[in-house]
Amino acid sequence: MQTVMRTILLLLLWLAGIRGVFADKPVFELEIRDHLFIPEVLIVPANTRIKLLVRNHDPSPEEFESYELNREKVIMGKREAVIFIGPLLPGEYPFFGEFHPETALGKVIAE
Amino acid sequence: MLLTSVVIVLREVLEAALLISILSALSGIMGISRQWLLWALGFGFAGAIGYGLGIDTISGLFAGTGQELSSAAMQFLIYLLLIIFAFLAGRSVSGRGSHGTLTVTVMTAIVALAITREGFEILVYLFGFADEWQQSLAVLTGALIGAGVGISAGALIYYLFSSMSHRYALLLGLCVLSLVAAGMISQAALLLIQADWLPSQLPLWDTSAWLAEQSLTGTVLYALIGYEATPTAIQAACYFGGLLLLLIVVLMSTRTPQPSPLEKPL
């Protein structure tokens, strides 16, 4: 019984990924102006959970979308949104504004 | 602008159309009047408008993760309702009694929730262009084309299922719904990871090199089986656990206790 409990506890701890859940995540900011992402390139540490703060300065809504980061979130006009990303392996992760994909382009570089 | 609009609307409509077409085909097979669909569409559109109007407030809840949590809750609810539906439909096909009113209520709720979830994004997108009238025509045209293609796909699936033998259509329909439901559970898990309610992990595998999620096949598979190129362990566990649970329900409920009156009108 004790072994079972210990295994379950270990599994839960593993799931909780302790470091990721209990530590404060570094915050990175991103702005949307005139359907452009500023900055276009965001350099973040690899293998770290990150809190992305996206401020939409445009009056129109935008959807932050990235297939590589597996993220999707609507950000209404003049609002900001919180999106947690990572931990990421070193590499490039493009993202775009789904409502204005011709101009709203950017990428996260994890290193 | 036109193409963007087609893609956005098609992606959303496709997911809802798949659920709607299979559920209406199966309800026809179970001898249920399709009138429920009108109610479901009505509730769904009202829900999408309500959710769209409230999204500004909702997004701000729970430290800015209200959008993820509400969306995940809706997907989880659709999953639970699909389990109930699978159970009721399975019993109906194995001749163990039909529960018409409950089945209709469950189907109405599933479709209404699906339209709320998918429809709100289309509304937010379209209303974002309300001030830019030069672009609105292209955006609206694209939206109509996207919706048209999505609805046509739904109609095709509906007639495909309606043309099969009753038992086969029901079994296949329940299997497809199980895959869709598993995709929903995995999506709900992903949203909770995005909201930091579930821990994030490195992806288990990466199949984006041979089948990108943004490709046409990827998009269709996403709607159909919840295809994900880089799932994490939690997502995969939710997907396969959710799928297994539903398949067990389908198997248990469709088991025929005695030679069943399947070919009779139910």
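Here is the naming used below: chain letters follow the sequence lines, and residue numbers restart at 1 for every chain.
- Within the 4.5 angstrom heavy-atom criterion, only backbone atoms of Ala195(B) (N, CA, C, O) approach chain A.
- For a residue to count as touching a neighbouring chain, one of its non-hydrogen atoms must lie under 4.5 Å from one of that chain's; by this rule Phe127(B) does not touch chain A.
- Looking at Arg71(A), the atoms closer than 4.5 Å to chain B (heavy atoms on both sides) sit in the backbone and in the side chain alike.
- The backbone N or O of Glu72(A) sits less than 3.5 Å from a side-chain atom of Gln194(B), completing a donor-acceptor pair.
- Other residues, nucleotides and ligands place no more than 12 heavy atoms under 6.0 Å from the CZ atom of Phe62(B).
- The existence of a salt bridge linking Lys73(A) and Glu121(B) is excluded, since no basic side-chain nitrogen approaches an acidic carboxylate oxygen closer than 4.0 Å.
- The nearest pair of heavy atoms linking Leu88(A) to Leu202(B) is C-CD2, 4.2 Å.
- Annotation: side chain of Val74(A) is in contact with side chain of Phe120(B) (closest heavy-atom distance under 4.5 Å).
- When every heavy atom of Ser200(B) is checked against every heavy atom of Gly86(A), the shortest pair comes out as OG-O, 2.5 Å.
- Summarising the geometry of Glu98(A) relative to Ile8(B), their closest heavy-atom pair is O-CD1, 3.3 Å, with the distance given to 0.1 Å.
- Met76(A) and Val124(B) get closest at one heavy-atom pair: SD-CG1, 3.8 Å.
- The candidate from Thr65(B), Ile55(B), Ile193(B), Thr232(B) with the greatest count of non-hydrogen atom pairs under 4.5 Å with chain A is Ile193(B).
- Contacts from residues 219-228 of chain B to chain A, taken as heavy-atom pairs separated by less than 4.5 Å, involve Glu228(B) in sequence order.
- One finds the OG atom of Ser59(B) at 11.5 Å from the CD atom of Glu80(A) (value rounded to the nearest 0.5 Å).
- Neither the backbone nor the side chain of Leu69(A) comes within less than 4.5 Å of any heavy atom of chain B.
- Using non-hydrogen atoms only and a strict 4.5 Å limit, the part of residues 52-63 of chain A facing chain B consists of Ser60(A), Pro61(A), Glu63(A).
- With salt bridges taken as basic N to acidic carboxylate O contacts below 4.0 Å, one links Asp196(B) and Lys25(A).
- The number of heavy atoms from other shown groups lying within 6.0 Å of CZ (Phe84(A)) is above 12.
- Residues of residues 99-111 of chain A placed with any heavy atom under 4.5 Å of a heavy atom in chain B are listed by number as Phe99(A), His100(A), Pro101(A), Glu102(A).
- Residue-level contacts of residues 203-217 of chain B with chain A, in order of numbering, are Glu213(B), Gln214(B); threshold 4.5 Å between heavy atoms.
- How far CG of Asn70(A) is from CD of Gln235(B): 6.0 Å, rounded to the nearest 0.5 Å.
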